[in-house]
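Some notes on the structure that comes next.
Order of the sequence lines sets the chain letters (A, B, ...), proteins ahead of strands, with each chain counted from 1.
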Amino acid sequence: MLRNNYVLSCCVNFDFMFLKFKDEVSSILSDAIAKSGFETDDLALAESPHADLASSVGFKLASKYKQSPKAISEKIYANISLQADSYVANAQMTGPYINFFTSRTFLNETVLRVLLDRENFGNLGNYGKVILEHTSANPDGPLHIGHIRNSVIGDTLARILKRAGYDVETQYYINDMGRQIAVVVWGLENFKFDTTKKKDHAIAEVYINANKTLVDEKEHSPEVDAIMKKYEIGDPEIEGKFKGAIDTCMEGIKESLTRMNIHHDKFIWESRFVRSGEVNLIMDRVKALDRTELKDGAFMVDLKDVGIQKSLVIQRSDGTSLYTTRDLSYHEWKTTQCDRMIDILGADHKLISSQLKAVLHILGSKEPEIVIFEFVSLPEGSMSTRRGVFISADELIDEVEKAAYDVVDKKLPDKDDEFKKMVAKFVSIGAVRYDIIRISPEKATTFDWKEAVDFEKQGAPFIQYAHARACSIIKNAKDEGVSFEDFDPNVLLESQEIGLIKKIAAFESVIDNASRELKPNIVAIYARELADAFNQFYRFVPVITAEPEFRSARLALVECSRIVLANALDTLGIFAPESM
RNA sequence: GGGCUCGUAGUAUAGUCCGGAUAGUACUUGGGCCUCCGGAGCCUAGGACCCGGGUUCAAAUCCCGGCGAGCCCGCCA
């Protein structure tokens, strides 16, 4: 498709751009260090505003060799030998630092590489099956703004891991054996189910009413206990009722998730592990441990030696299992299906998940990798489905979509209503997802309506707009007969062009870091920086109106930007519009 | 009371794990920029590492002690 001789001559068998640059720098520096007679396994390489990669190795060796950092760096620097045509253009000494810079070859190959790989640019070569569990909200009401932090983190991580090369399966674990579902079942028999409402919201209404009544009229509590017990032993009639209630609620939840561009591959009911006998098997194995003791009829696991003061109860005195016991079975089952397990959990699960990991470890089973996110609270305090104190995801998206529509209506008054609605839709979903994902999971947040519907801050619409603008330039170029089928990347010399290419090249290492550290916000920040770099290029460097020798190369760069912006947005689960 | 997490400009945050050069960004605030490819844009100015010790050539980053916020500490999930 690309008829460019340059492509044919250089684009065979090279692997990842920035990662390869890093490798080359590492080997150049190691060689120089060895030649200088020093020894270290820490090259002290880091990205820096002063260079593409900078080493402060002089400092590291100073005390060991009793020389000044600068003297050491000078010796190493004198022994650096660069190869022609590599990704490393030159090394410079600035004070005691040794700075490395990418070469023209690196920049040129980045551009050509993106044009060849297109939507696959940024995909890495990891392998293995990953089961990623996220959301797993109890089916007793709609997803609220706390749950969707879990969903968005989970879905984005799944997308990142897929790009990193893993075979990812997402699972939603349905806690169908908890008391709250029994309350819903009891509630459905005693309260009106509002069929005019979205199903998960109608379930919440029943659940809230049922809870209120159960608090006010204590005599009904045994009725719920009876329902729970029947479900535990597998009473067919009760099972049907549970299934009906849960399916009803899940239908609404799935609708909300789909709306946010989130999909689960599997829905796993916790009761299956009780029914299959796996829970009993694992209880027996845990009971057989030296550390498990019978206390007042219940079995407790002592975990003090692994730093957990709180003992874990794995079987009640009435012989039934608990949430964690079933979770133990779930995780052992997952182990047989994959190479890595990742769970996304709220901060309230910190203790329980460390207990879970500890017991799995003691049993000789694989432990899950756990991503904990801190709570989203309301200005007036924490949310609770049971008390009816929460802002639902649907409500949030509705409001954001309305606000988005107003903005679109103002900016594009001449467009037809259908178009405006469509734009409002993907802008709002993007804004909601971006606002959640840009913040590190370990940061607790307080929800603020004013912030949530504010489109002035530089979030998803900014990135989507950059993408749309790139599309527009490409379209205009096509109309004017400008193409990039044959171009010379060597003419891309402006600082904005070079900055943009470097940013584009960084996508692979961004995916690499984000997947390694399970930090989805790295990708969010990157996408914004990429849009930033593109906007600066756009502002200062004319494309279509440029001289012919620059035109095609710049257009190729616009196409590269478009591709990587789209890939980054896709990784964030955000739609990349061609116009907005 | 014990445990875990967090504390960066007026606000929201990146950087902290693995210590290095001028602490990056957005909103807000003050100046500018359309004869030119989409102004949801660009340029520019101002402003911050909770406090106190310690380690180090070097601390936002590591250690200790405070203070403040959130979460957990149930035979709930």
Side-chain angles (χ1 to χ4, degrees), chain A residues 42 44 46 48-51 54-56 58-60 62-63 68-69 94-97 99 136 138 140 175 177-181 270 295-300 307-310 313-324 326-327 346-352 354 372 374-375 377 382 407-408 410-412 423 427 435 438-446 448 451 454-466 468-477 480 482 517 521-522 524-525 528-529 531-532 534-536 538-546 551 554-555 558 579-580:
Chain A
D42 180 11
S48 150
H50 309 278
S55 173
S56 55
F59 288 105
K60 305 283 176 209
S63 63
S68 77
T94 310
Y97 298 93
N99 291 333
S136 302
N138 290 331
D140 53 17
N175 302 132
M177 301 208 64
R179 187 179 173 84
Q180 75 289 120
I181 303 306
E270 66 173 335
K295 217 178 202 173
D296 303 325
F299 285 91
M300 328 258 298
I308 301 169
Q309 295 307 308
K310 184 86 192 134
V313 181
I314 59 131
Q315 187 185 64
R316 291 195 186 93
S317 45
D318 68 1
T320 58
S321 63
L322 292 94
Y323 165 81
T324 319
R326 291 169 226 135
D327 214 13
D348 53 341
H349 283 69
K350 276 181 202 173
L351 174 62
I352 201 85
S354 62
I372 296 281
E374 290 289 334
F375 266 49
S377 53
S382 57
V407 175
V408 176
K410 215 176 287 171
K411 292 189 192 283
L412 305 166
V423 172
V427 162
D435 262 355
R438 61 184 252 268
I439 293 168
S440 298
E442 70 270 13
K443 228 90 160 184
T445 60
T446 303
D448 180 351
E451 290 253 313
D454 178 14
F455 289 94
E456 290 309 306
K457 50 184 190 209
Q458 206 174 17
F462 174 85
I463 305 160
Q464 291 173 311
Y465 188 77
R469 176 183 267 162
C471 290
S472 173
I473 294 172
I474 289 161
K475 185 176 169 295
N476 290 341
E480 295 190 23
V482 183
E517 298 176 31
N521 61 317
I522 293 176
I525 292 161
R528 211 213 63 237
E529 287 175 351
D532 217 19
F534 177 71
N535 281 333
Q536 284 173 34
Y538 162 83
R539 170 65 183 78
F540 285 102
V541 186
V543 179
I544 297 171
T545 55
R551 222 160 44 179
R554 287 179 183 168
L555 190 62
V558 173
S579 78
M580 62 187 276

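- When both pairing distances are held under 3.5 Å, B:rA60 makes no Watson-Crick or G-U pair with any nucleotide shown.
- Look at OH on A:Tyr465: it is 5 Å from P on B:rG39, rounded to the nearest Å.
- Between B:rU61 and B:rG2, the two C1' atoms lie 27 Å apart (nearest whole Å).
- Nucleotide B:rC71: paired with B:rG3 (Watson-Crick or G-U wobble, both distances less than 3.5 Å).
- Within the 3.5 Å criterion, the main-chain N or O of A:Asn521 finds no donor-acceptor partner in the side chain of A:Arg438.
- Shortest non-hydrogen contact noted between A:Ala470 and A:Phe534 is CB-CZ, 3.7 Å.
- As judged by a 4.0 angstrom heavy-atom cut-off over every strand, A:Val482 is placed among residues making no nucleic acid contact.
- Atom name P, nucleotides B:rG7 and B:rA60: the rounded distance is 15 Å, in whole Å.
- Checking the phosphate oxygens (OP1, OP2) of B:rG39, a side-chain nitrogen or oxygen of A:Arg469 falls inside 4.0 Å.
- Distances shown here put every side-chain N or O of A:Lys475 at or beyond 4.0 Å from the OP1 or OP2 atom of B:rG38.
- With the nearest nucleotide of RNA chain B identified for both A:Ile473 and A:Gln315, A:Ile473 has the one nearer the 5' end.
- When all heavy atoms of A:Ile463 and A:Ala531 are compared, the closest pair comes out as CA-CB, 3.9 Å.
- Separating the C1' atom of B:rC67 from that of B:rC51 is a span of 7 Å, rounded to the nearest Å.
- For the pair A:Asp532 CG and B:rU25 P, the interatomic distance rounds to 9 Å; values are reported in whole Å.
- If you check every strand for non-hydrogen atoms under 4.0 Å, A:Ile308 touches nothing.
- Of all heavy-atom pairs between A:Met580 and A:Ala468, the closest is CG-CB, 4.1 Å.
- A sub-4.0 Å separation between OP1 or OP2 of B:rC43 and a side-chain N or O of A:Gln536 is present.
- A:Ser377 comes within 4.0 angstrom of no nucleic acid atom, judged by non-hydrogen atoms across all strands.
- Note that OG of A:Ser440 is 7.0 Å distant from CD1 of A:Ile525, once rounded to the nearest 0.5 Å.
- Using the Watson-Crick or G-U wobble rule with both distances under 3.5 Å, B:rA21 pairs with nothing in any strand shown.
- Heavy atoms of A:Ala54 sit under 4.0 angstrom from at least one base atom.
- Backbone-only contact: A:Arg326 has heavy atoms under 4.0 Å from sugar-phosphate atoms and none from a base.
- Atoms CZ (A:Arg539) and P (B:rU44) sit 11 Å apart, rounded to a whole Å.
- One P atom belongs to B:rG46, the other to B:rU8, and the distance between them is 23 Å to the nearest Å.
- With P as the reference atom, B:rU29 and B:rG10 are 16 Å apart, rounded to whole Å.
- Within the 4.0 angstrom heavy-atom criterion, no nucleotide atom of any strand lies near A:Ser63.
- Panel note: side chain A:Glu270, backbone A:Tyr323; no donor-acceptor pair is recorded below 3.5 Å.
- Look at the C1' atom in both B:rU22 and B:rC6: the space between them is 28 Å, to the nearest Å.
- Nearest approach of A:Arg551 to A:Val543, heavy atoms of both residues: CG-O, 3.0 Å.
- Within the 4.0 angstrom heavy-atom criterion, no nucleotide atom of any strand lies near A:Met177.
- Across the strands present, B:rC27 finds its partner in B:rG10; the criterion is a Watson-Crick or G-U wobble pair with both atom distances under 3.5 angstrom.
- Comparing A:Thr445 and A:Val408, the nucleotide of RNA chain B nearest to each residue sits closer to the 5' end for A:Thr445.
- If you take CG on A:Leu322 and CG on A:Asp327, they are separated by 11.5 Å, rounding to the nearest 0.5 Å.
- Distances shown here put a side-chain N or O of A:Ser440 below 4.0 Å from the OP1 or OP2 atom of B:rA14.
- Using a 4.0 Å heavy-atom distance criterion, A:Ala468 is classed as a base contact.
- In this structure, A:Gln180 CD and A:Asn138 CG are separated by 4.0 Å, a value rounded to the nearest 0.5 Å.
- As rounded to whole Å, 9 Å separates atom C1' of B:rC36 from atom OH of A:Tyr538.
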Handout entry: Pair A:Arg469-A:Asn535, side chain to side chain donor-acceptor pair (under 3.5 Å): steps then yes or no
Key = CA-CA 9 Å; A:Arg469 176 183 267 162; A:Asn535 281 333; 2.7 Å; yes
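- Taking atom CD of residue A:Glu529 and atom C1' of nucleotide B:rC42, one finds them 17 Å apart after rounding to whole Å.
- One C1' atom belongs to B:rG19, the other to B:rC63, and the distance between them is 13 Å to the nearest Å.
- Within the nucleic acid shown, A:Phe462 comes within 4.0 Å of sugar-phosphate atoms alone, with no base atom in reach, counting heavy atoms only.
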With 3.5 Å as the limit, what N/O pairs link the protein to nucleotides 5-8 of chain B?
from, atom 1, to, atom 2, distance (Å)
B:rU5, O4', A:Lys350, NZ, 3.1
B:rU5, O2', A:Glu374, OE2, 3.4
B:rG7, OP1, A:Lys443, NZ, 3.2

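- Going from the P atom of B:rG66 to that of B:rC4 covers 14 Å, rounded to whole Å.
- Using a 4.0 Å heavy-atom cutoff across all strands shown, A:Asp327 reaches no nucleic acid atom at all.
- A:Pro542 approaches A:Arg554 most closely through the heavy-atom pair O-NH1, 2.9 Å.
- Residue A:Ala347 is classed as a sugar-phosphate contact, given heavy-atom separations below 4.0 Å to backbone atoms only.
- Taking only distance into account, the side chain of A:Ser317 meets the base of B:rC75 through a donor-acceptor pair shorter than 3.5 Å.
- Side-chain atoms of A:Asn535 and base atoms of B:rA40 include no donor and acceptor less than 3.5 Å apart.
- Taking atom CD on A:Glu480 and atom C1' on B:rC37, their separation rounds to 8 Å, with Å as the unit.
- The phosphate of B:rU25 has neither OP1 nor OP2 within less than 4.0 Å of any side-chain N or O from A:Arg438.
- Here the C1' atom of nucleotide B:rG15 and the CG atom of A:Asn521 are 11 Å apart, to the nearest Å.
- With a cut-off of 3.5 Å on both Watson-Crick or G-U wobble distances, the partner of B:rG41 is given as B:rC33.
- Residue-level contact check: A:Lys411 touches the bases, meaning some heavy atom is under 4.0 Å from a base atom.
- Base pairing analysis places B:rG65 opposite B:rC51; the two distances defining the Watson-Crick or G-U wobble pair are each below 3.5 Å.
- Among the atoms of the strands shown, base atoms are found under 4.0 Å from some heavy atom of A:Val543.
- For the residue pair A:Val427 and A:Pro461, the shortest heavy atom distance occurs at CG1-CG, 3.9 Å.
- We find that CZ of A:Phe534 is positioned 9 Å from C1' of B:rC37, with the value rounded to whole Å.
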